[in-house]
Structure formats: structure tokens, C-alpha cells
Amino acid sequence: MTDKIKQYAEKLAEAENTRIGTVPLTSVDSTLTVKEAYYIQLENIQRKIEQGQIIVGKKIGLTSLAMQNLLGVDEPDYGHLLDSMVVENGGQINIEQVLQPKVEAEIAFILKKELRGPNLTALDVIQATDYIVPALEIVDSRIKDWKIKLADTVADNASSGFYVLGGKPTKIADIDLELIGMVLTKNGELVNTGVGAAALGNPAKCVAWLANKLAEFDISLKAGEVILSGALSAAEAAQKGDTFTARFAHIGQVSVRF
């Protein structure tokens, strides 16, 4: 591990611990590559594992064309989910635990067998999935004012914060992933709608992309892991007192409050 990767990992870890956002890594180092950023992410994940935290899944980001265009990229990114990020459905997040949170509604895949790339397809994902449930992801950035480029968010564990699973476990065979509709409300008011096809055309394609991408780092998706497949609409900023609820056709609803 190079000194640069350790240095940047420490900078992000400090921002997380102090709740004070840091400057974008790409503004300090314009040569920082996305691959180096993934190693920065892995460095901090390894530190958390050594502190006793457990990897329980992965999250996929930048699955919409709008977000990819915003950051000037042509593929998604990913981060790790840890047991410390889990919030119960209907639960509460202390606003002091986050820096600048936003909420996204997603479809979560719970796997029943391992997925190891490369060359996996959406069909492989469907065959490996035990069930799906609705999810809220609370994205957060340790980079001040969300002034991120791709390498910044990748290094920062894909801007992961917390996540909530809800609804009812539903077998994929019983549903058309592309057509699952979603309505997101904030304090009872409609703020966003979405549909499964918003995530790369099909959320299962997002999970296949992830398994294939992870093969570059000799990492697989394991049985029992939770995979957040990507936002179905834009992220909504959260403040103290806010309650978010996402209702999905056929698979139920999920909520969280701050």
C-alpha cells in the first residue's frame, strides 16, 4: 500500500470521526485515479474490520445517466455496507451521526449464493437472488459541500452513510423488476417518483456490473449479502425532524426519520 493511499484514507477517516468535511482529494491531487480511489476505500474498510465491524453487503451508486453525466463518467461505482450502517425500518438516525445526508430509494437484493465475476449477466443475478425488498439509502459525504468528482466519492466508500430495509421479502420470479414503481415522500409530501428501469434499465444489471467490477479486486458477492442496486430517483437532502417514506409497488414500503 503506497503512502499516498494511506494518507488519503486517514484524511477521510478523520473527516468521518470529527464530522468536519475535508477538501476534495482530487483538488489536492489531480492525478488521483479511480483505481487508486478504490484502494483508498478498501484501506478504510479494512481498518473498520480490524475495529470489529462486519461487511454485510455492497451498494451501487451512479446508476442513472443523469448522475453519470453530472460526474462525467460512463459506469457506476460501488461501496461497502457494514453492520454499523444498518437502521431498522421506521427507525431514527441521530443528525449528529451524519455530515450532509441525503436519502435515496432503492431495491435491495439479498443473495442466496455467491456471485463472482467476470462475465456475469442479469440472469446470473436473478438465479443467485433469494429475494428483494425496498430500501432507503442515506448517502453522506466526508467531502465538504458534496464537491465531488468520481475519484472522491469512490475513495469515500461511494458516499455511503446508513441504510434501511423494509417491506416484505419478494421472490424475483413473482415480479417485473423493470416495472416496479416507487413513490418517495418527505414529511408526507411527494418529493420523487421512480421505476426499476431507472437503474441501468434493470436493477439486476446493476448487480451484475458490480460482481464483474469486483472481480478486478478478487472480491465476490457472498451468499446472505445485501446489495443496494442503485437509486430510482434523485437524492433528497435530510435535516433534523424529517421523515422519509418510500412506497414500492408489490414489495411494500420503508421509512426512516432524522
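As the structure is a prediction and not an experimental result, all values here were calculated from the model.
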S.K.: Would you check if the side chain of Asp77 reaches a backbone N or O of Ala158 as a donor-acceptor pair within less than 3.5 Å?
M.R.: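 Checked: no pair found.
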S.K.: Taking all non-hydrogen atoms of both residues into account, name the closest pair between Ile138 and Val103 and its distance.
M.R.: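 Nearest pair, atom of Ile138 first, then Val103: CG1-CG2, 4.3 Å.
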S.K.: Using modelled atom types only, decide if a donor and an acceptor are shared between the side chain of Glu104 and the backbone of Glu137 within a distance under 3.5 Å.
M.R.: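 No; judged by distance alone, with no hydrogens or angles, the pair does not exist.
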S.K.: Could you give me the CA-CA distance, side-chain angles and deciding distance for Ser159 and Ser141, then say whether side-chain hydrogen bond (donor to acceptor under 3.5 Å, both in side chains) is met?
M.R.: CA-CA 5 Å; Ser159 303; Ser141 181; 4.5 Å; no
S.K.: Would a 4.5 Å heavy-atom cut-off, applied to side chains only, mark Phe217 and Lys35 as touching?
M.R.: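 They are in contact (side-chain heavy atoms under 4.5 Å apart), so the answer is yes.
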S.K.: Rounded to the nearest 0.5 Å, how far apart are CG of Asn157 and CG of Asn44?
M.R.: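 Rounded to the nearest 0.5 Å, the CG-CG separation comes out at 8.5 Å.
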S.K.: Does Lys171, at its NZ atom, have more than 12 non-hydrogen atoms belonging to other residues, nucleotides or ligands within less than 6.0 Å?
M.R.: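 Yes, because the 6.0 Å sphere around NZ of Lys171 holds more than 12 heavy atoms from other groups.
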S.K.: Does a side-chain heavy-atom distance below 4.5 Å link Val139 with Lys59?
M.R.: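 Answer yes - side chains close enough.
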S.K.: Tell me whether Gln53 contacts the main-chain N or O of Ser84 through its side chain, where contact means a donor paired with an acceptor under 3.5 Å.
M.R.: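 Flag not set: sc Gln53 to bb Ser84 has no pair under 3.5 Å.
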S.K.: If you count the non-hydrogen atoms of other residues, nucleotides and ligands that lie under 6.0 Å from CD in Glu88, is the total more than 12?
M.R.: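 Counting other residues, nucleotides and ligands, CD of Glu88 stays at 12 neighbours or fewer.
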S.K.: Answer with yes or no after comparing the ring centroid distance for Tyr78 and Tyr38 against a 6.0 Å cut-off, counting only values under it.
M.R.: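 Ring-ring flag for Tyr78/Tyr38: true, centres closer than 6.0 Å.
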S.K.: State whether the side chain of Glu225 and the backbone N or O of Lys222 hold a donor-acceptor pair below 3.5 Å, judged by distance alone.
M.R.: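 Flag set: sc Glu225 to bb Lys222 pair under 3.5 Å.
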S.K.: For the hydrophobic clusters of this structure (ILVMFWY residues joined by side-chain heavy atoms under 4.5 Å, transitively), does one cluster hold both Tyr131 and Ile251?
M.R.: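 No, because Tyr131 and Ile251 fall into different hydrophobic clusters, even though each may have its own neighbours under 4.5 Å.
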S.K.: Got Lys58 and Leu210 here, is their nearest side-chain heavy-atom distance under 4.5 Å?
M.R.: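 When only atoms from C-beta onward are counted, Leu210 and Lys58 do touch, with a gap below 4.5 Å.
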S.K.: Measure from the side-chain N and O atoms of Asp130 to the backbone N and O of Ile110, and report whether any donor-acceptor pair falls under 3.5 Å.
M.R.: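 Looks like no, no N/O pair under 3.5 Å.
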S.K.: Do the charged groups of Glu236 and Lys102 touch, with an N to O distance under 4.0 Å?
M.R.: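 Salt bridge between Glu236 and Lys102, a charged N being under 4.0 Å from a carboxylate O: no.
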S.K.: Can you confirm whether more than 12 heavy atoms, excluding those of Lys149, are under 6.0 Å from its NZ atom?
M.R.: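 12 or below, so no.
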S.K.: Rounded to the nearest 0.5 Å, what separates atom CD1 in Ile227 from atom OG1 in Thr129?
M.R.: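 These two atoms lie 8.5 Å from each other.
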S.K.: Is there a side-chain contact between Phe162 and Val86, using heavy atoms and a 4.5 Å cut-off?
M.R.: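 No, too far: nothing below the 4.5 Å cut-off.
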S.K.: Locate the shortest heavy-atom distance separating Ala215 from Pro118; write the atom from each residue and the value.
M.R.: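 Nearest heavy atoms, Ala215 then Pro118: CB-N, 3.8 Å.
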S.K.: Tyr163, Val98: one ILVMFWY side-chain cluster at the under-4.5 Å cut-off?
M.R.: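 No: no chain of side-chain contacts under 4.5 Å links Tyr163 to Val98.
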S.K.: A side-chain contact here means heavy atoms from C-beta on lying under 4.5 Å apart; do Thr193 and Leu184 qualify?
M.R.: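 Heavy-atom side-chain distance check fails, nothing below 4.5 Å.
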S.K.: Answer yes if Ile60 and Ile107 sit in the same cluster of Ile, Leu, Val, Met, Phe, Trp and Tyr residues linked by side chain heavy atoms under 4.5 Å apart, and no otherwise.
M.R.: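 Same hydrophobic cluster.
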S.K.: Drop me the distance from Thr245's OG1 to Arg247's CZ, to the nearest 0.5 angstrom.
M.R.: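 Interatomic distance, Thr245 OG1 to Arg247 CZ, rounded to 0.5 Å: 5.0 Å.
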S.K.: Taking all non-hydrogen atoms of both residues into account, name the closest pair between Gly201 and Glu178 and its distance.
M.R.: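 Distance-wise, the nearest heavy atoms are O-CG, 3.2 Å.
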S.K.: Tell me if a side-chain donor or acceptor on Asp242 pairs with a main-chain N or O of Gln239 at a distance below 3.5 Å.
M.R.: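 Between the backbone of Gln239 and the side chain of Asp242 there is a qualifying donor-acceptor contact (under 3.5 Å).
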S.K.: Which value, rounded to the nearest 0.5 Å, describes the distance between Leu62 atom CG and Leu150 atom CG?
M.R.: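 Interatomic distance, Leu62 CG to Leu150 CG, rounded to 0.5 Å: 6.5 Å.
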S.K.: How long is the span from the CD atom in Gln41 to the OG1 atom in Thr153, to the nearest 0.5 Å?
M.R.: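 These two atoms lie 9.0 Å from each other.
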S.K.: If Ile, Leu, Val, Met, Phe, Trp and Tyr residues are connected whenever their side-chain heavy atoms lie under 4.5 Å apart, and connections chain through other members, are Val164 and Leu81 in the same group?
M.R.: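 Looking at the clustering, Leu81 is in a separate group from Val164.
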S.K.: When you measure from the side chain of Trp209 to the backbone N and O of Thr121, does any donor-acceptor pair fall under 3.5 Å?
M.R.: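 Judged by distance alone, no pair lies under 3.5 Å.
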S.K.: Check whether Lys186 reaches the backbone of Ala237 with its side chain - one donor and one acceptor, N or O, closer than 3.5 Å.
M.R.: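 Confirmed, Lys186 side chain pairs with Ala237 backbone.
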S.K.: Between Asn187 (side chain only) and Thr243 (backbone N and O only), is there a donor and an acceptor less than 3.5 Å apart?
M.R.: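 Yes, because the side chain of Asn187 sits within donor-acceptor range (under 3.5 Å) of the backbone of Thr243.
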S.K.: Does a salt bridge link Asp218 with Arg116, judged by any charged N lying under 4.0 Å from a carboxylate O?
M.R.: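 Salt bridge between Asp218 and Arg116, a charged N being under 4.0 Å from a carboxylate O: yes.
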S.K.: What I want to find out is whether Arg47 reaches Glu43 closely enough, with some N-O distance under 4.0 Å, to be called a salt bridge.
M.R.: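 Answer for the salt bridge query: yes.
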S.K.: Taking C-beta and beyond as the side chain, do Phe248 and Val183 meet within less than 4.5 Å on heavy atoms?
M.R.: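 A side-chain contact is absent here, since even the closest heavy-atom pair is not under 4.5 Å.
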S.K.: Check this for me: does any side-chain nitrogen of one of Asp152 and Lys147 sit under 4.0 Å from a carboxylate oxygen of the other?
M.R.: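 Salt bridge flag = no for Lys147 with Asp152.
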S.K.: With no hydrogens and no angle check, do the side chains of Glu114 and Ser220 hold a donor and an acceptor under 3.5 Å apart?
M.R.: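 Note: Glu114 and Ser220 side chains meet the donor-acceptor criterion.
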S.K.: Just wondering, do His250 and Ile132 contact through their side chains at under 4.5 Å, heavy atoms?
M.R.: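 Ile132 vs His250: side chains apart.
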S.K.: Considering all heavy atoms of both residues, which atom of Leu228 and which atom of Glu106 are nearest to each other, and what is their separation?
M.R.: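 Reported closest heavy-atom pair: CB-OE1, 3.3 Å.
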S.K.: Same hydrophobic cluster for Leu12 and Leu82, using side-chain heavy-atom links shorter than 4.5 Å among ILVMFWY?
M.R.: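 Result: no, two separate clusters.
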S.K.: Any heavy-atom pair between the side chains of Val191 and Thr185 that's under 4.5 Å?
M.R.: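 In short, these two side chains do not touch, never coming nearer than 4.5 Å.
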S.K.: Quick one: does any side-chain atom of Thr170 pair with a main-chain N or O of Lys168 as donor and acceptor, under 3.5 Å?
M.R.: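 Side chain of Thr170 to backbone of Lys168: a pair is present.
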S.K.: Is the closest basic N to carboxylate O distance between Arg19 and Glu96 below 4.0 Å?
M.R.: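 Salt bridge between Arg19 and Glu96, a charged N being under 4.0 Å from a carboxylate O: no.
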